[in-house]
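Notes follow the structure.
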Protein chains: 2
Amino acid sequence: MKEYLNIGVSVSICIFCYDEDQKKVLVVDKENDPFKGGKVLPHQMLQPKQSLEEVCSEVLEKNIGNKDVYVEQLNAFGKVYRHPSGRIIDISFYGLVNLEKDKIKLNKENNARFEKIDKSLDLVFDHDDIIDFASKRIKRRMKYRPLGKNLLPSQFTMNELEGLYSCFLGKQFDKRNFRRRILEMDFLKEITKVQRNTRGRKAILYEFDPKKYKNYSKAGF
Amino acid sequence: MKEYLNIGVSVSICIFCYDEDQKKVLVVDKENDPFKGGKVLPHQMLQPKQSLEEVCSEVLEKNIGNKDVYVEQLNAFGKVYRHPSGRIIDISFYGLVNLEKDKIKLNKENNARFEKIDKSLDLVFDHDDIIDFASKRIKRRMKYRPLGKNLLPSQFTMNELEGLYSCFLGKQFDKRNFRRRILEMDFLKEITKVQRNTRGRKAILYEFDPKKYKNYSKAGF
DNA sequence: CCAAAAGTGTTAATCTTACACCCATGA
DNA sequence: TCATGGGTGTAAGATTAACACTTTTGG
């Protein structure tokens, strides 16, 4: 009768950052069997008394030393894994971080690191699929909500924002059109300061206007 | 150590139909404690050996007598419920059906029925929130994917399709513009037959072109 | 002074919206 | 013949897409 109360729930998180003009995801070496040493997404078993949000916090704290980053639920993956101690359901989340702003401290124990996303990433379980799922979700979300606040430093140039969009959507933009489009959305504010040391002309710096960023939502149909 | 393998996973499904020009959702009377007799979404505990898809099928078979209807995963709700026998995580799905086409046979045991969605619906647990979550998800999905194949009879008029869109998106359309817009999307085919008995002029009947319906996807950004 | 990166406007084409009347049919 | 519901086109306005040169600055 209570057989059904015999399932484990794991929570895994795709933590993305935008670093060196690339989208990267946090991976760790698995600390115990099965697949000990294999490359996986950070994850952890849910304790019966915890909420999903609490496990998320623990996973974040453990692996990047900051539990207060933006995460959003992705999906539950219910394939019947053959885990030695029984049935596991994995509930996945994705998160977006900025290495400096979020004061990321990578866990050395399990060799936590950000890797760029390509064929060679190759995680165990179906964790590659989860990354794929997350990437698509973010792409879709970008169509009606702004992106960047959680990934960029608090001050950034228009070209940096364009690079981010270009990278996450996998396509090139026309500088002039991108600029106009983003500025029309009206969630940026130009600040008086101007770019750090760099070759060439100095760029205008922008910040997100927190309220407008939060409330921006494009209508469809 | 194995304490974490002591969680129950329930699967609940929001099954929507479009009936009498209204969006309705399947609700049942809860068959056991807690809240025995309360109005809930159809749901069931996951057995350790089952996949999520298998429980979905069981829930569907039991409540509407047809396990082969379109469902899609919504979200895992992980609030720490106080369930007498332990911790439960609910993973919710939504499904779309047509009463005739899908040969819906409502389960009489638990008084399964479709009810229209308004303030008075009032389900136990957070099942109202799940319906809300599902409604929003469908609305968003409609912005880039077609809707109707699973809800309408296989042949339908343009005005019926407009009514469905109007109902699910909660807004009115201009007949001419709606028609043009849908036809441009090019997933409908006009068939030679003409509408059933009705007052007034007979309407052209349409069907969805399965391939085009499936592949239609509007680009954003 | 020149290489590097930032910034800027206009036009044509496309898409969206608003809008009102005629058509076919059954009662 | 008339009430009912089905069907149709156009023009103005808004949005998007394509396009290349000038500016600023540090080396």
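Computed from a prediction, not measured in an experiment: that's the story for all the values here. Worth knowing before you read on, the calculation uses all heavy atoms, side chains too, and leaves out hydrogens, waters and symmetry mates. Below, read A as the first sequence line, B as the second, and so on, with proteins coming before strands; counting in each chain starts at 1.
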To the nearest Å, how far apart are A:F156 CZ and C:dA5 P?
-> 20 Å
Spacing of B:Q172 atom CD relative to C:dT17 atom P, expressed in whole Å | 15 Å
Taken in chain and number order and not counting sequence neighbours, the residues that satisfy side-chain contact (heavy atoms from CB on, under 4.5 Å) with B:N107 are B:K62, B:N63, B:E109, B:N110, B:A112
Heavy atoms under 4.0 Å is the rule here; annotate nucleotides 18-27 of chain C 5' to 3' with B where the base is hit, S where only the sugar-phosphate is, and - elsewhere.
-> BBB--BBBBS
Rounding to a whole Å, what distance do you find between A:N159:CG and C:dA4:P?
-> 16 Å
Sidechain-backbone polar pair: A:R141 side chain, A:K139 backbone, donor-acceptor under 3.5 Å | no
Rounded interatomic separation in angstrom, taking CD from B:E184 and C1' from C:dT17 | 13 Å
Could you give the CZ-to-C1' distance, from A:R181 to C:dG9, as a whole number of Å?
-> 18 Å
Does the ring of A:Y18 carry A:K23 above it, NZ/CZ under 6.0 angstrom from centre and within 45° of its axis?
-> no
Scan B:D102, B:L96, B:L151, B:V97 and name whichever one has a side-chain contact (heavy atoms from CB on, under 4.5 Å) with B:Y70.
-> B:L96
What are the two closest heavy atoms between A:L74 and A:R137, and how far apart are they?
-> O-NH2, 2.8 Å
Ring pair (Phe, Tyr, Trp, His ring centres under 6.0 Å) test vs A:F77 passes for just one of A:F133, A:F125, A:F93, namely A:F133
Look at the side chain of B:Y206 and the backbone N and O of B:F156, then say whether any donor-acceptor pair between them is shorter than 3.5 Å.
-> no
Spell out, as yes or no, whether a donor-acceptor pair under 3.5 Å connects the side chain of B:Y213 to the backbone of B:G148.
-> yes
Going 5' to 3' along DNA chain D, which nucleotides are the first and last within contact of chain A (any atom under 4.0 Å from a heavy atom)?
-> D:dA17 to D:dG27
d(CG, A:L183; C1', C:dG7) in whole Å | 12 Å
